[in-house]
Amino acid sequence: MVEILIAAFLILMIMGVPIAFALAMAAFAAVGLSGRYPLVVVVKEMFTGLDSFPLLAVPFFILAAEIMSTGAISRMLLRFASQFVGHLRGGLGYANILTGTLFAGISGSALASAAGPGAMMARMMERSGYSKAYAGALTISVAVIDPIIPPSITMIIYALQDRNTSVGSLFMAGILPGLLIAGLLAMVNWWISRKRGYRSAEPRPPAGQMVRNSFAALPALLLIVLIVGGIRGGVFTPTEASVVAVFYAIVTSAFVYRGFTLADLWGAFLRSAIMSVAVLMILAAARAFAWVLIIEGVPQAMADAVIAMDLSPIAFLLMVNLLLLVFGMFMDPLPGVMILVPILAPIAHSLGIAADHFAIVVIVNLTFGLMTPPVGGLIFVVASATRQKPSALIRELPPFFLAALASLLILTFVPALSTWLPRISGFAR
């Protein structure tokens with residue numbers, strides 16, 4: 001069954017079949033051709049994969065991100081970020097990074113971030129004299145931060161696959177790694193801006209204007225505190241936090257910042273429904289795919305093989321990094337988490353690797369796959385939003401790849417970056 005499963009999946013991917021259908025059809029082929037189980041078991045596993053209360057958070061966080069992208073919240077965050085760094089050499093690049101990091105704290109979807117405030121920022125950079133391809137490549141790299149800083153849809157899915165973690169602990173664990181990646185991207189922007197002479201055309205705003213901009217952005221920034229603080233304080237669960245985020249986003253966009261109409265709300269509902277269906281189809285198909293691997297004993301066989309190699313925890317993490325970097329080039333993070341975490345997490349726990357540390361290494365690694373060809377989803381989203389060829393963006397991405405690899409190595413060798421906040425906030429087990 002495993003040979004049929006893998007072969008069918010690879011053939012379908014090469015044919016260009018969408019990932020959700022490739023996963024599901026591969027599972028049907030493996031079960032059907034083996035004749036050992038009725039085909040209905042695949043359908044059953046697909047429904048079982050979606051039968052989870054925490055998964056309700058996924059469509060609500062996607063909807064919250066769409067509302068914020070449509071309304072004035074994105075513009076307020078952009079104005080707030082630009083006033084601090086926009087006057088520096090490469091200032092709009094720094095503003096892109098800072099705005100994307102702030103938006104990550106209220107979104108959870110890399111694609112929503114790239115298509116919304118990211119595309120807006122890329123167009124501003126182009127009008128200010130930055131290379132169009134460089135602005136797009138920076139936007140792609142910044143959007144990678146979105147699934148790492150809470151709230152994160154990928155973290156919600158991960159917590160469902162590994163009972164040694166929780167959504168709350170992973171949310172806390174992602175804060176410092178997300179800031180680390182943002183800092184390394186800022187270093188790349190500093191280097192390239194100096195090399196190419198990207199200068200700011202705008203002076204720093206007067207102090208009074210900066211105060212007014214900060215107060216105007218305060219309602220948007222409070223959502224970050226509301227989500228993380230509410231979960232940490234036990235006021236609501238992550239699933240309930242997603243509903244609160246939607247309600248807060250609607251109220252803030254419509255009544256605080258105004259300019260958010262019923263037509264905008266309908267458009268946000270429509271786009272989030274389409275995106276939610278796509279995400280949930282991938283999760284359902286990945287569950288069936290993973291079931292075939294589990295029923296055939298692949299996780300246990302891999303665990304036995306790794307244990308027999310007598311690897312140290314660091315050697316195992318480096319091996320996992322290499323595996324996931326290659327895996328992420330061909331598969332999105334969500335099915336990657338569904339398929340690989342049940343296999344790799346028990347091995348990591350047996351080697352004494354902290355659950356939150358291993359989770360962040362896996363999530364960060366798979367998320368980087370969104371910016372790596374040939375499948376990298378962010379490349380095509382940004383190429384479409386900025387109206388340029390994917391090949392032009394790919395040529396500008398190598399410095400950002402190096403920053404991503406550097407952050408991954410730092411997170412691998414410094415587990416405290418992933419475990420300190422969950423421990424002091426009381427989430428670590």
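Numbers here are sequence positions counted from 1. Below, all heavy atoms of this structure are taken into account, side chains as well, without hydrogens, waters or symmetry copies.
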Practice prompt. For residues His357 and Ile353, report the shortest heavy-atom separation together with the two atoms involved.
Written response: ND1-CG2, 4.0 Å
Fill in: Tyr94/Phe84 aromatic ring centres below 6.0 Å
no
Worksheet entry | Beyond-backbone contact of Ile145 with Leu185, side-chain heavy atoms, under 4.5 angstrom | yes
Fill in: Distance, nearest 0.5 Å, that separates CZ of Phe289 from CD1 of Ile282
13.5 Å
Practice prompt. Report yes if the side chains of Pro399 and Ile192 come closer than 4.5 Å at any heavy-atom pair, otherwise no.
Written response: yes
Worksheet, complete the sentence: Closest non-hydrogen atoms of Met155 and Gly174, given as atom of the first, atom of the second and distance, are CE-CA, 3.7 Å
Worksheet item: Hey, does the side chain of Ser82 reach the backbone of Arg79 with a donor-acceptor pair shorter than 3.5 angstrom?
Response: no
Discussion item. Counting C-beta onward and ignoring hydrogens, is there a side-chain heavy-atom pair between Tyr134 and Leu397 closer than 4.5 Å?
Written reply: no
Worksheet item: Hey, is Lys389 close enough to Glu396 for a salt bridge, meaning N to O under 4.0 Å?
Response: no
Worksheet item: Should the pair Tyr130 and Tyr198 be assigned to parallel (<30°), tilted (30 to 60°) or perpendicular (>60°) ring geometry?
Response: tilted
Item to complete: Please report the C-alpha distance between Tyr248 and Ile227 in whole Å, then the side-chain angles of each, then the deciding distance to 0.1 Å, and finally whether the side chain to side chain contact (heavy atoms under 4.5 Å, CB included) criterion is met.
Response: CA-CA 10 Å; Tyr248 186 91; Ile227 293 174; over 6 Å; no
Fill in: Validation row: Phe358, Leu317 side chains within 4.5 angstrom (heavy atoms)
yes
Fill in: Flag side-chain contact, heavy atom, 4.5 Å: Tyr257 against Thr252
yes
Discussion item. Does Ile19 form a side chain to side chain contact (heavy atoms under 4.5 Å, CB included) with Asp332? I'd like the steps, not just the answer.
Written reply: CA-CA 8 Å; Ile19 182 70; Asp332 289 340; 4.2 Å; yes
Practice prompt. Evaluate the side-chain proximity of Thr239 to Ile156: yes if any heavy-atom separation is below 4.5 Å, no if none is.
Written response: no
Worksheet item: Within the distance-only criterion (no hydrogens, no angle test), does the side chain of Ser350 pair as donor or acceptor with the backbone N or O of Ile347 below 3.5 angstrom?
Response: yes
Worksheet item: So which heavy atom on Pro342 is nearest to which on Gln161, and how close?
Response: CG-OE1, 3.9 Å
Fill in: Criterion side chain to side chain contact (heavy atoms under 4.5 Å, CB included) on Val277 and Met281, from CA distance to verdict
CA-CA 6 Å; Val277 168; Met281 283 181 65; 3.9 Å; yes
Worksheet item: Within a radius of less than 6.0 Å around CZ of Arg194, do more than 12 heavy atoms belonging to other residues, nucleotides or ligands occur?
Response: no
Worksheet entry | Neighbour count above 12 (heavy atom, 6.0 Å) for Met187 CE | no
Discussion item. Apply side chain to side chain contact (heavy atoms under 4.5 Å, CB included) to residues Leu23 and Phe28 and explain how you reach the verdict.
Written reply: CA-CA 9 Å; Leu23 289 167; Phe28 275 114; over 6 Å; no
Fill in: Inter-residue atom distance Phe80.CZ - Leu218.CG, 0.5 Å rounding
8.5 Å
Practice prompt. Report yes or no: does Asp356 contribute a side-chain atom to a donor-acceptor pair with the main-chain N or O of Ser418 at less than 3.5 Å?
Written response: no
Worksheet item: Where the side chain of His349 meets the backbone of Leu344, is there a donor-acceptor pair that is under 3.5 Å apart?
Response: no
Fill in: Backbone N/O of Ser166 and side chain of Ser169: donor-acceptor pair under 3.5 Å
yes
Worksheet entry | From OG (Ser272) to CD1 (Ile62), nearest 0.5 Å | 7.5 Å
Worksheet item: Has the side chain of Asp162 got a donor or acceptor atom that lies under 3.5 Å from a matching backbone atom of Ala359?
Response: no
Worksheet item: If you look at every heavy atom in Gly178 and Ile148, which pair is closest and at what distance?
Response: N-CG2, 3.8 Å
Worksheet, complete the sentence: Separation between CD1 (Ile363) and CD1 (Ile360), nearest 0.5 Å, reads 5.0 Å
Discussion item. Consider side-chain contact (heavy atoms from CB on, under 4.5 Å). Of Leu184, Val85, Val142, which one does Ile97 pass it with?
Written reply: Val142
Listing, residues 45-57 side-chain donor-acceptor contacts under 3.5 Å, not counting sequence neighbours, or none:
| residue | atom | partner | partner atom | Å |
| --- | --- | --- | --- | --- |
| Glu45 | OE1 | Arg287 | NE | 3.0 |
| Glu45 | OE1 | Arg287 | NH2 | 3.2 |
| Thr48 | OG1 | Lys44 | O | 2.8 |

Practice prompt. Work out which heavy atom in Asn365 is nearest to a heavy atom in Val320; give both atom names and the distance.
Written response: ND2-O, 4.4 Å
Worksheet item: For the side chain of Ser193 and the backbone of Asn189, is there at least one donor-acceptor N/O pair under 3.5 Å apart?
Response: yes
Worksheet item: If only atom types and distance count, is the side chain of Ser152 paired as donor or acceptor with the main-chain N or O of Ile149 below 3.5 Å?
Response: no
Fill in: Side-chain donor-acceptor pair present, Ser131, Glu126, cut-off under 3.5 Å
no
Worksheet, complete the sentence: Heavy-atom closest pair (Ala249 atom, Ala64 atom, distance to 0.1 Å) is CB-O, 4.3 Å
Practice prompt. Please round to the nearest 0.5 Å and tell me the distance separating atom CD1 of Ile343 and atom CG of Leu293.
Written response: 5.0 Å
Practice prompt. Show the numbers, then the answer: is there a ring-ring contact (aromatic ring centres under 6.0 Å, His included) between Phe368 and Phe401?
Written response: CA-CA 8 Å; Phe368 286 154; Phe401 288 147; 9.1 Å; no
Fill in: Student check: side-chain heavy atoms of Val244 and Leu226 closer than 4.5 Å
yes
Item to complete: Could you pull out all residues at least two apart from Gln209 that satisfy side-chain contact (heavy atoms from CB on, under 4.5 Å)?
Response: Pro205, Pro206, Arg212, Asn213
Discussion item. Would you say CG of Leu262 has more than 12 non-hydrogen atoms from neighbouring residues, nucleotides or ligands within 6.0 angstrom?
Written reply: no
Fill in: Side-chain heavy-atom pair Leu405, Leu325 within 4.5 angstrom cut-off
yes
Worksheet, complete the sentence: One should read off an interatomic distance between Leu393 CG and Lys132 NZ, to the nearest 0.5 angstrom, of 9.5 Å
